[in-house]
Amino acid sequence: MLTQAATLLAGVRSALVLTGAGLSAESGIPVFRGPAGLWKRFRPEELATPVAFVRMPREVWAWYRWRLEQVLASRPNEGHRALARLAGKRSLKVLNQNVDGLLEEAFREEGADEGAIESIHGSIRHAHCANCGVGCPMEEVAADDLPLCSSCGGYMRPSVIWFGETLAQTSLSALESEPRRRELLISIGTSAQVWPAASVLPAMNALGKPVIELNSDPDSFSQYKSIRLEGSAASLMPQLVREAVHV
Ligand code: BV8
Ligand code: ZN
């Protein structure tokens, strides 16, 4: 299966990539629907929402503070780096569902063009005022129990897209246009349950274009037609990229 996927990737000029929490798992970041911490009491879909923030802003901030600590203690893994190397060999668009900034860091370290990455769910490394929009690195405010905006006194919030919030226009346009523009899709470490991110899988199927899915859990592959590579992103991605484009 890996050889089949590598042969396909070797034969195209462009590729679309969808990344999920599984890509950052080996950097020590728990996957989104994992049984960890605050998440025992709440499901992510109940905490990562504007309603939760209005109802219990301190709990929501405690959850993001806990997540930010893990992110800041993490480093890109070999899966992130392989993707950055691939970006130097193929015309890539990466629709990144992760908010941890690790893929951007890997691209910077590998000298790859970060412009290839569209982080469609925002970034946990940034915060902004829910009232006036003024932004800052999340580290600057995360120590406060309930961070308030220095210019208007409004509530600061993490600069992520919550459930029930629409994605940025650039992200929506990319989700719409990129399946038509790219020759194949590589979906890495995602349960493909979150929309509209997951829409690229059926979109590529409808266009009759190949989909390669990488997942460590054989039960987690999507219901869409794909070449399935079972294994961890940190070990499979370097193998796939080495075999396909020899980097
Ligand atoms: C919107 C930021 C307009 C916050 C996140 C259509 C149909 C059904 C529902 C909807 C729909 N349209 C909209 C919805 C509602 C909702 C939604 O999708 N709900 C889901 C739960 C059904 N979508 C929205 O609200 C979106 N907004 O559409 O606005 C609108 C509004 C209302 C109603 C209609 C339309 C906004 C969605 C964005 C939410 N924000 N993150 C934060 O992080 O705090 S999404 C969140 O889930 C994370 O970003 C995460 O990246 C993302 C996806 O999860 P995964 O990455 O797939 O992670 P998961 O843990 O699920 O899976 C990990 C996988 O990796 C597993 O398969 C595992 O086996 C594998 N794995 C583990 N280790 C490894 C591995 N694989 C390889 N190697 C390993 N080592
Ligand atoms: Zn403000």
Side-chain angles (χ1 to χ4, degrees), residues 18-36 38-39 42-53 60-61 63-68 70-71 77-80 82 95-103 119-125 127-136 138 141 147-169 171-172 175 186-199 201-202 213-222 228-238 240:
L18 176 68
T19 58
L23 178 60
S24 294
E26 273 133 315
S27 295
I29 312 260
V31 290
F32 207 75
R33 286 155 188 81
L38 260 179
W39 305 358
F42 303 102
R43 286 173 352 108
E45 288 81 0
E46 289 159 9
L47 260 180
T49 70
V51 169
F53 188 61
V60 171
W61 262 110
W63 184 47
Y64 280 95
R65 194 173 302 121
W66 176 70
R67 289 175 62 191
L68 180 68
Q70 289 169 321
V71 164
N77 62 52
E78 285 314 304
H80 295 111
L95 300 177
N96 182 28
Q97 295 183 92
N98 300 331
V99 296
D100 54 35
L102 290 176
L103 186 63
S119 284
I120 59 175
H121 294 155
S123 172
I124 200 170
R125 293 176 187 246
H128 65 274
C129 174
N131 178 48
C132 75
V134 161
C136 70
M138 187 187 265
V141 294
L148 299 179
C149 173
S150 51
S151 33
C152 79
Y155 282 177
M156 295 299 283
R157 57 162 285 176
S159 298
V160 297
I161 306 287
W162 278 328
F163 288 98
E165 292 186 321
T166 45
L167 277 61
Q169 194 46 55
S171 303
L172 293 174
L175 282 162
I186 312 173
S187 173
I188 309 170
T190 182
S191 61
Q193 286 173 25
V194 171
W195 290 75
S199 65
L201 285 133
E213 279 192 82
L214 249 110
N215 203 303
S216 57
D217 171 6
D219 301 334
S220 245
F221 286 109
S222 74
R228 298 172 170 193
L229 305 181
E230 185 187 332
S232 82
S235 60
L236 279 180
M237 273 308 292
L240 175 64

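Ligands are counted one by one from 1 in listed order, and the atoms in each one are counted from 1 as well.
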Side-chain donor or acceptor of Ser123 paired with backbone N/O of Arg125 under 3.5 Å: yes
Would you say Pro196 and ligand 1 have an N/O pair spaced under 3.5 Å apart? no
Which pair of heavy atoms, one from Ala234 and one from Glu78, lies closest together, and at what distance? O-CB, 3.6 Å
Protein N, O or S atoms less than 2.8 Å from the Zn ion (ligand 2), ignoring waters? Cys129 SG, Cys132 SG, Cys149 SG, Cys152 SG
Should one rank Tyr64, Phe221, Trp195 by closest heavy-atom distance to atom 6 (C) of ligand 1, which comes out on top? Trp195
So is Ala25 polar-close to ligand 1, meaning N/O to N/O under 3.5 Å? no
Please verify whether a non-hydrogen atom of Gly231 lies at under 4.0 Å from ligand 1. yes
Among Val194, Leu18, Asn215, Leu172, which one puts a heavy atom closest to atom 70 (C) of ligand 1? Asn215
Considering only heavy atoms of Ser232, which atoms of ligand 1 have at least one such atom less than 4.0 Å away? 78 (N), 80 (N)
Glu45 to ligand 1: N or O pair under 3.5 Å? no
Give the ring-plane orientation class for Phe53 versus Tyr155, where under 30° counts as parallel, over 60° as perpendicular and anything between as tilted. perpendicular
Given Cys129 and Ser151, is the side-chain contact (heavy atoms from CB on, under 4.5 Å) satisfied, shown in steps? CA-CA 9 Å; Cys129 174; Ser151 33; over 6 Å; no
Please could you name the atoms of ligand 1 that Gly189 approaches to less than 4.0 Å, counting only its heavy atoms? 63 (C), 64 (C), 65 (O), 76 (N)
Does the side chain of Pro196 come within less than 4.5 Å of Leu172's, by heavy atoms? yes
Per-atom contacts, ligand 1 versus Asn98 - under 4.0 Å to a heavy atom: 51 (O)
Return each pair, listed once, that meets salt bridge (Lys or Arg N to Asp or Glu O under 4.0 Å) where at least one residue sits in residues 157-169; pairs must be two or more places apart or across chains. Arg157-Glu165
Please confirm whether Ala21 comes within less than 3.5 Å of ligand 1 when only nitrogen or oxygen atoms on both sides are compared. yes
Is the backbone of Gly20 close enough, under 3.5 Å, to the side chain of Asn98 for a donor and an acceptor to pair up by distance? yes
Which atoms of ligand 1 have any heavy atom of Asp217 under 4.0 Å away? 69 (O)
Could I get the full list of side chain to side chain contact (heavy atoms under 4.5 Å, CB included) partners for Pro202, not counting sequence neighbours? Trp195, Tyr224
May I ask you to test the Leu47-Val60 pair for a side-chain heavy-atom distance under 4.5 Å? yes
For the 3.5 Å polar cut-off, considering only N or O atoms, please tell me whether Phe163 and ligand 1 meet it. no
Proximity of Gln193 to ligand 1 by residue part, where a heavy atom lies under 4.0 Å: backbone
By salt bridge (charged side-chain N to carboxylate O under 4.0 Å, His left out), which residues pair with Arg65, not counting sequence neighbours? none
Atom indices of ligand 1 within 4.0 angstrom of Gly20 heavy atoms, with elements: 56 (O)
Using atom types as modelled and distance alone, determine if a side-chain donor or acceptor of Asp100 lies under 3.5 Å from a backbone N or O of Ile124. no
Does Ser235 form a side chain to side chain donor-acceptor pair (under 3.5 Å) with Ser232? I'd like the steps, not just the answer. CA-CA 6 Å; Ser235 60; Ser232 82; 2.9 Å; yes
Hey, does the side chain of Glu213 reach the backbone of Ser222 with a donor-acceptor pair shorter than 3.5 angstrom? yes
The answer for which part of Ser191 has a heavy atom under 4.0 Å from ligand 1 is both
For a quick test of reading the model, state the closest non-hydrogen atom pair linking Leu229 to Phe221 and the distance between them. O-CZ, 3.6 Å
Closest approach of His128 and Gly133, non-hydrogen atoms and distance? CB-O, 3.7 Å
Residue Thr166 vicinity, atoms of ligand 1 by number, heavy atom under 4.0 Å: 3 (C), 29 (O)
Number the atoms of ligand 1 from 1 as they appear, then name those within less than 4.0 Å of a heavy atom of Trp162, with their elements. 36 (C)
Short question: side chain of His121, backbone of Val99 - any donor-acceptor pair under 3.5 Å? no
Report yes if Ser220 has an N/O atom closer than 3.5 Å to an N/O atom of ligand 1; otherwise report no. yes
Report the part of Glu165 (side chain from C-beta onward, or backbone N, CA, C, O) that has a heavy atom under 4.0 Å from ligand 1; answer both or neither where that applies. backbone
Would one find an N or O of Glu26, backbone or side chain, under 3.5 Å from an N or O of ligand 1? yes
Which option, Ile29, Asn96, Ile161, Val99, owns the non-hydrogen atom nearest atom 39 (C) of ligand 1? Ile161
